[in-house]
Asks: 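Got a structure here, written out as structure tokens. Questions coming.
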Amino acid sequence: MQLRSLLAGAVALMVTLPVMAQRLDPQVDISVPPEVFSTQGQRAAPCNQCCIYQDQNYSEGAVVKADGGVLLQCQRDEKTLSTNPLVWRRVKT
């Protein structure tokens with residue numbers, strides 16, 4: 001008797017599994033224009049862990065020569081309680 005009920009349960013499971021799989025994995029087609037995947041003509045996303053000078057991203061420790069010959073270094077801002085944002089600081093010569 002146990003074998004019959006076990007067999008009936010297996011058959012019921014085999015019948016319901018495909019129906020449940022269709023319910024959990026619906027087929028949905030979404031049309032996305034190719035422009036979504038292209039960055040042509042667009043600026044890069046703002047950088048949280050870098051310094052920006054003349055539309056260029058610089059990492060921590062980078063040094064640039066600004067207008068007037070002033071040297072700037074990209075450093076962590078210890079005054080800000082955050083995820084350590086970076087800021088430009090004047091390099092003392």
Side-chain angles (χ1 to χ4, degrees):
M1 192 64 173
Q2 285 183 349
L3 184 60
R4 271 194 183 153
S5 60
L6 184 61
L7 186 59
V11 169
L13 188 60
M14 289 173 53
V15 170
T16 58
L17 276 179
V19 173
M20 289 176 65
Q22 281 182 338
R23 205 178 296 166
L24 295 175
D25 186 28
Q27 297 296 319
V28 178
D29 290 331
I30 299 174
S31 297
V32 179
E35 297 85 35
V36 170
F37 301 104
S38 171
T39 58
Q40 246 178 354
Q42 297 177 358
R43 287 188 169 176
C47 178
N48 292 332
Q49 292 293 315
C50 64
C51 295
I52 301 171
Y53 182 76
Q54 294 184 343
D55 289 332
Q56 296 289 321
N57 293 340
Y58 294 89
S59 60
E60 183 178 3
V63 177
V64 296
K65 193 172 196 177
D67 296 333
V70 176
L71 292 178
L72 300 173
Q73 184 174 25
C74 183
Q75 299 176 352
R76 292 180 185 230
D77 186 6
E78 63 274 347
K79 295 177 184 174
T80 303
L81 295 175
S82 180
T83 56
N84 295 323
L86 300 176
V87 294
W88 289 111
R89 295 214 194 281
R90 189 176 196 155
V91 176
K92 296 178 182 174
T93 52

Asks: Can the SG atoms of Cys51 and Cys74 be said to lie under 2.5 Å from each other?
Replies: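 Yes, disulfide present: SG-SG under 2.5 Å.
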Asks: Just verifying a value: how many Å separate Leu86 CG and Gln73 CD, rounded to the nearest 0.5 Å?
Replies: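 It is 10.5 Å, given to the nearest 0.5 Å.
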Asks: Group every Ile, Leu, Val, Met, Phe, Trp and Tyr by side-chain heavy-atom contacts under 4.5 Å, then state whether Leu72 and Ile52 land in the same group.
Replies: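 No, Leu72 and Ile52 fall in different hydrophobic clusters.
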Asks: Who passes side-chain contact (heavy atoms from CB on, under 4.5 Å) against Gln56, sequence neighbours left out?
Replies: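 With sequence neighbours excluded, Gln56 shows a side-chain contact (heavy atoms from CB on, under 4.5 Å) to Tyr58, given in chain and number order.
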Asks: Any pair with a residue in residues 59-70 that passes side-chain hydrogen bond (donor to acceptor under 3.5 Å, both in side chains), sequence neighbours left out, goes on the list, sorted by first then second residue, please.
Replies: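 Qualifying pairs: Glu60-Arg76.
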Asks: Is there a chain of hydrophobic side chains (I, L, V, M, F, W, Y, each step under 4.5 Å between heavy atoms) that links Tyr53 to Val70?
Replies: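 They do share one cluster, since a chain of ILVMFWY contacts under 4.5 Å joins Tyr53 to Val70.
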